[in-house]
Colleague: 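Handing you a structure now.
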Amino acid sequence: MIDAWLVIPCFNEERRLDTSAISELLEETALGIIFVNDGSTDQTHEVLDEQSRRYPERIEVLDLSHNMGKAEAVRLGLREACAKDARITGYLDADFATPPAEIIRLLSLMRSNETIKALLGSRWRHLGSRVERSNLRHYGGRIFATLASAILKMPVYDTQCGAKLFRVTGNLRAAIGEPFLSRWSFDVELIGRLREGMGQVPGYELTDFLEVPLDRWMNIDGSKIGALDMIRATLELIPITNALKRLRR
């Protein structure tokens, strides 16, 4: 029985989508994948369609008519996962920078501890780990993460790691009920919504969150995020700050 559906947003990933990594991930038999094809203009649809034929019960492809951005692709994918009555959902990047073995390890942690409502993978470079990031992304990420932590009022080391898991609750459903304000920094916005609550739905306690350092993370060539995008993501923290202030009131 599938108890976890993970979302993988895809935009023009024909050349980068690692089908062997998909097979490795699906060695975890209680796991399904929802690929969100975000208006790709290459052969991504054909690659995903082939994968769904290989695993008809465990892979679903959600095709968007045009490119809506990663934030909306992830949100729509999470809503689809919740509609499947999943116990756990989450998302990861199509390049599998977080390897399948790490995703399965995080899932095991989530399943073994019912008190965890949101589990965040963290790219913390430390002895014994293999976290490979360019200097630009590492140091730019540290500046961004420091700002994000202050805005969230949470001691989060890495908000932008593309490996996150969530227990399906009313709080999560409320948090993804409406589009995000941000295109690049939606991770911060989602964490903030979960923490502060939405409408009549109360937020999570700090103890409901767990941040887990990854043992392995690889910087994959062909990333669509450049220096200009990092600046845009940082500027998006301004409307997110204002939105979270309104929720706190």
Side-chain angles (χ1 to χ4, degrees), residues 1-10 17 21-38 48-49 51-64 68 70-94 96 98-121 161-180 186-187 189-195 197-199 201-205 207-212 214:
M1 178 179 176
I2 298 175
D3 72 340
W5 283 91
L6 300 186
V7 175
I8 301 181
C10 298
L17 198 60
I22 295 171
S23 298
E24 183 180 347
L25 186 59
L26 289 178
E27 289 177 8
E28 172 59 48
T29 57
L31 169 66
I33 302 174
I34 298 172
F35 286 102
V36 183
N37 181 21
D38 188 19
L48 296 179
D49 190 53
Q51 292 301 303
S52 68
R53 288 197 299 270
R54 288 184 63 197
Y55 303 96
E57 303 299 323
R58 300 178 60 199
I59 287 182
E60 176 179 319
V61 179
L62 180 61
D63 280 307
L64 305 185
M68 302 180 74
K70 183 178 179 181
E72 186 65 359
V74 167
R75 189 184 75 89
L76 293 175
L78 292 176
R79 292 187 66 179
E80 181 69 15
C82 290
K84 289 180 172 294
D85 294 326
R87 291 179 56 245
I88 297 170
T89 186
Y91 55 91
L92 61 149
D93 292 331
F96 283 95
T98 305
E102 285 290 82
I103 298 297
I104 293 171
R105 179 172 72 91
L106 299 182
L107 265 174
S108 179
L109 285 171
M110 192 84 168
R111 287 170 173 148
S112 65
N113 189 340
E114 292 287 335
T115 66
I116 302 171
K117 301 296 193 304
L119 190 154
L120 317 177
C161 178
K164 294 183 174 65
L165 299 176
F166 307 98
R167 203 166 301 282
V168 176
T169 63
N171 190 297
L172 177 65
R173 293 177 190 273
I176 59 175
E178 57 188 59
F180 297 111
F186 72 94
D187 305 77
E189 197 171 351
L190 176 55
I191 294 169
R193 289 182 181 185
L194 291 170
R195 173 68 174 127
M198 297 287 288
V201 181
Y204 287 156
E205 300 293 333
T207 52
D208 294 325
F209 295 85
L210 179 66
E211 190 168 15
V212 178
L214 297 177

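Everything quoted here is computed from the prediction, not taken from an experiment. Sequential numbering from 1 along the given sequence is applied to the chain's residues.
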Colleague: With ring pair (Phe, Tyr, Trp, His ring centres under 6.0 Å) as the test, would you mind laying out the steps for Y91 and F186 before giving the verdict?
Modeller: CA-CA 12 Å; Y91 55 91; F186 72 94; 5.7 Å; yes

Colleague: Are K70 and D93 within salt-bridge range, i.e. N to O under 4.0 Å?
Modeller: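 Salt bridge between K70 and D93, a charged N being under 4.0 Å from a carboxylate O: yes.
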
Colleague: Judged by atom type as modelled, is there a donor-acceptor pair below 3.5 Å linking the side chain of R167 to the main-chain atoms of L172?
Modeller: no

Colleague: Does any part of the side chain of I191, heavy atoms only, come nearer than 4.5 Å to the side chain of K164, both counted from C-beta?
Modeller: yes

Colleague: Taking the side chain as every heavy atom from C-beta outward, state whether N171 and D208 have any pair of such atoms under 4.5 Å apart.
Modeller: no

Colleague: What's the spacing between T89 OG1 and R79 CZ if we round to 0.5 Å?
Modeller: 13.0 Å

Colleague: If you round to the nearest 0.5 Å, how far is CG of D63 from CG of N37?
Modeller: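 These two atoms lie 4.5 Å from each other.
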
Colleague: Quick one, T98 and L92 - any side-chain contact, counting heavy atoms below 4.5 Å?
Modeller: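 They are not in contact (no side-chain heavy atoms under 4.5 Å apart), so the answer is no.
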
Colleague: When you measure from the side chain of S52 to the backbone N and O of E60, does any donor-acceptor pair fall under 3.5 Å?
Modeller: no

Colleague: Looking only at heavy atoms, which two atoms of C161 and D187 are closest? And how far apart?
Modeller: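 So the minimum-distance heavy-atom pair works out to O-OD2, 4.4 Å.
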
Colleague: Over all heavy atoms of both residues, which pair between R58 and I2 is shortest? Give the atoms and the distance, please.
Modeller: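 Smallest heavy-atom distance, with atoms named: CG-CD1, 3.8 Å.
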
Colleague: Measuring from L210:CG to I116:CD1, what's the distance to the nearest 0.5 Å?
Modeller: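 Reported to 0.5 Å precision, the distance equals 4.5 Å.
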
Colleague: So, applying side chain to side chain contact (heavy atoms under 4.5 Å, CB included) with I33, which one of I8, L48, V7 is it?
Modeller: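 Looking at I8, L48, V7, the match for I33 under the side chain to side chain contact (heavy atoms under 4.5 Å, CB included) is I8.
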
Colleague: What's the spacing between L190 CG and L120 CG if we round to 0.5 Å?
Modeller: 9.0 Å

Colleague: Supply the atom-to-atom distance R87 CZ to E114 CD, rounded to the nearest 0.5 angstrom.
Modeller: 5.0 Å

Colleague: Closest heavy-atom contact between V168 and R173?
Modeller: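 Shortest heavy-atom contact: CG1-NH2, 3.6 Å.
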
Colleague: Considering only heavy atoms from C-beta outward, does the side chain of F35 approach that of L17 to under 4.5 Å?
Modeller: yes

Colleague: Does Y204 offer a backbone N or O that forms a donor-acceptor pair with the side chain of R195 under 3.5 Å?
Modeller: yes

Colleague: For R111, check salt bridge (charged side-chain N to carboxylate O under 4.0 Å, His left out) against everything at least two apart and list the hits.
Modeller: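 Only D3, E28 meet the salt bridge (charged side-chain N to carboxylate O under 4.0 Å, His left out) criterion with R111.
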
Colleague: Report the C-alpha separation of K117 and E205 in whole Å, then their side-chain angles, then the decisive distance to 0.1 Å, and conclude whether the salt bridge (Lys or Arg N to Asp or Glu O under 4.0 Å) test is met.
Modeller: CA-CA 9 Å; K117 301 296 193 304; E205 300 293 333; over 6 Å; no

Colleague: Which heavy atom in A174 sits nearest to a heavy atom in V201, and how many Å separate them?
Modeller: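 Closest heavy-atom pair between A174 and V201: CB-CG2, 3.9 Å.
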
Colleague: Can you give me the closest heavy-atom contact between A21 and P100, atom names plus distance?
Modeller: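 Nearest heavy atoms, A21 then P100: O-CG, 3.4 Å.
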
Colleague: Just to verify, what does R75 make a salt bridge (charged side-chain N to carboxylate O under 4.0 Å, His left out) with, not counting sequence neighbours?
Modeller: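 In terms of salt bridge (charged side-chain N to carboxylate O under 4.0 Å, His left out), with neighbours along the sequence ignored, R75 is linked to E72.
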
Colleague: Could you tell me which non-hydrogen atom of E57 sits nearest to which non-hydrogen atom of W5, and how far apart they are?
Modeller: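 So the two residues come closest at O-CH2, 3.8 Å.
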
Colleague: Side chains of T115 and T207: does their closest heavy-atom pair fall under 4.5 Å?
Modeller: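 No - every pair of side-chain heavy atoms lies 4.5 Å or more apart.
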
Colleague: To the nearest 0.5 Å, what is the distance between CG (L119) and CZ (F166)?
Modeller: 9.0 Å

Colleague: Is L25 close to L31 at the side-chain level, that is, under 4.5 Å between some pair of heavy atoms?
Modeller: yes

